[in-house]
Amino acid sequence: MMHSWTLPRSGTTPEASVRTQGGCLTVFGLPFLSAGLFMLYAMIEQTISGKIKPFSLLFAIPFTGVFILIGGWMIVHGGRILFGKYNPLAPKLKVIAPGSRPESWPYLPKLKRARRGPRGAVLLPLTTSVAAGLIVMIVICLFWNGIVGIATYAILFKEQHTPFAAKIFLGVFGFVGLLIIWMVIHRIAQLIMTGSSEVEMSSEPLFPGAQAKVYLYTQRDVAITEVTASIKCAEHVTYRSGKNSRTDHVTWLEKSIYEAKDLNSRAMRHFAEVPITIPEDALTSFRGSANSITWEITLKIKVPGKPDIDDSFSFRVAPGAAK
Amino acid sequence: MSAAPLTLEVQTTDGRRVFKPGDVVTGTFTVRSQDEWVVENFTIAALWRTEGRGTVDQAIAEKSIVRKRGERVPAKFTHPFSLRLPPHPASTLGTAIHIHWIIVLHARPKGGKEHFHELPIASTFQTERFQRCFNDLPHKDDED
């Protein structure tokens, strides 16, 4: 494989460009924060004067809170880059003590809430936490439908002569809003009716060339018709493209490790034990500020008449010789 | 006393370039100048750096101060070094991300400009694969 060993000189660290980014963040954060504060103030004032019902504040506070939080974060983070000593591109000195455990390696991703499962193996965490995912979906739902709801109220009940094109335009936004509401309901229904799945791994982190056993579970006893599990290694790179920041995801390895179809019985909670082997030339897990290499196991379970399960679980492959 | 350009050179013991994570990299470096010079900054370090599509991530794993600020260095100065590579991250040749390990000698005379010499190495358990890379490629060591 051809690759260049010509490397940028340390003296050319683009600190000035980083500081400009900090300034941009602060400048963009100000209108966000101001808009959020202004909308909150306007809603409170209208409520006090009795023009709108106090019930409206239940929607207004989370809606304006999103603007205030995003704007505040942009100003604080931008200010740190602009005025502080913070420079994400400067090489930092991080010494790892010899013989230290992988948990203390600064550029190895941390395994969140790793604990032992019923088989005594390591219970892998979900790549995206269920609660965090649901909260994000609810916030997006409130944000989107809040805007669409206010616009609908204004157009249908306040404006007498709204152009037909504006109603169509609003209708498209309303349709997207309904789709988001359906996604939130679907996710909540999945949590209540089928629950999530669980994956246990005989040891973690793994090493290139290592073999391990993976145990697949559902959280509840549910009737399942199809199960597929696969292992995936992906590289994620973030870079600047013009004035935007882009992240590309490149799959380095994706391989099926378990497949069962035409299942017709109520599953036990533990339903599969699967051996896996990490390739000898495998990339090892890595987490930098702009680049990362991740490993995960994806589990897809079809549950007839109920929302399907589609979960991903993180694990790590560390540098080392397989035992 | 001179602020004339310095010539830097780094060599590992036996010219070895592929190491395992946790190994100690040993060797010598030489700094040549026309005259004795006074140190503003004089260090040798092992650092890793990403290369590829993404914004560069980099960090110094171990750093050694060769001479402190204000100390004098003779016109020809040869010195041994010893730097321990950490267990992680390992050298990586992915599709979108490469992680390179480099020994960087950095010298800056008082009133003069900065001089760097970068010697690429590999920190990996896949020693044969990386050894082939080093054998196949003409190395372009960066030098001022």
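Only the backbone of A:Ser285 comes within contact range of chain B, with at least one heavy atom under 4.5 Å from a heavy atom of that chain. Only the backbone of A:Ser292 has a heavy atom closer than 4.5 Å to any heavy atom of chain B. When heavy atoms are compared at a cutoff of 4.5 Å, A:Ala282 approaches chain B solely by way of its backbone atoms N, CA, C and O.
B:Pro87 places a side-chain heavy atom less than 4.5 Å from the side chain of A:Trp105.
For CD1 of B:Ile65, the number of neighbouring non-hydrogen atoms (other residues, nucleotides, ligands) closer than 6.0 Å is 12 at most. Under a cut-off of 6.0 angstrom, the local environment of NZ in A:Lys110 is crowded, with over 12 non-hydrogen atoms contributed by other residues, nucleotides or ligands.
Of all heavy-atom pairs spanning A:Tyr239 and B:Arg53, the tightest one is CB-O, 3.3 Å. When all heavy atoms are compared, the tightest approach of A:Pro319 to B:His88 is CD-CD2, 3.5 Å. What you find for A:Thr284 and B:Ala90 is that their closest heavy atoms are OG1-CB, 4.2 Å.
The side-chain hydrogen bond (donor to acceptor under 3.5 Å, both in side chains) test applied to A:His236 returns A:His249, A:Thr294, not counting sequence neighbours.
Of the possible donor and acceptor atoms, one in the side chain of B:Thr55 sits under 3.5 Å from a partner among the backbone N and O of A:Thr238. With A:Glu280 contributing its side chain and B:Gln126 its backbone, the two residues share no donor-acceptor pair below 3.5 Å.
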* **Working for side chain to side chain contact (heavy atoms under 4.5 Å, CB included), residues B:Trp48 and A:Tyr107** => CA-CA 11 Å; B:Trp48 60 263; A:Tyr107 300 101; 3.6 Å; yes
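Within the model, atoms CG of A:Asp248 and OG1 of B:Thr95 stand 12.0 Å from one another, a figure rounded to the nearest 0.5 Å.
The residue from B:Ile99, B:Thr92, B:Ile97, B:Val56 that alone fulfils the side-chain contact (heavy atoms from CB on, under 4.5 Å) condition with A:Asn291 is B:Ile97.
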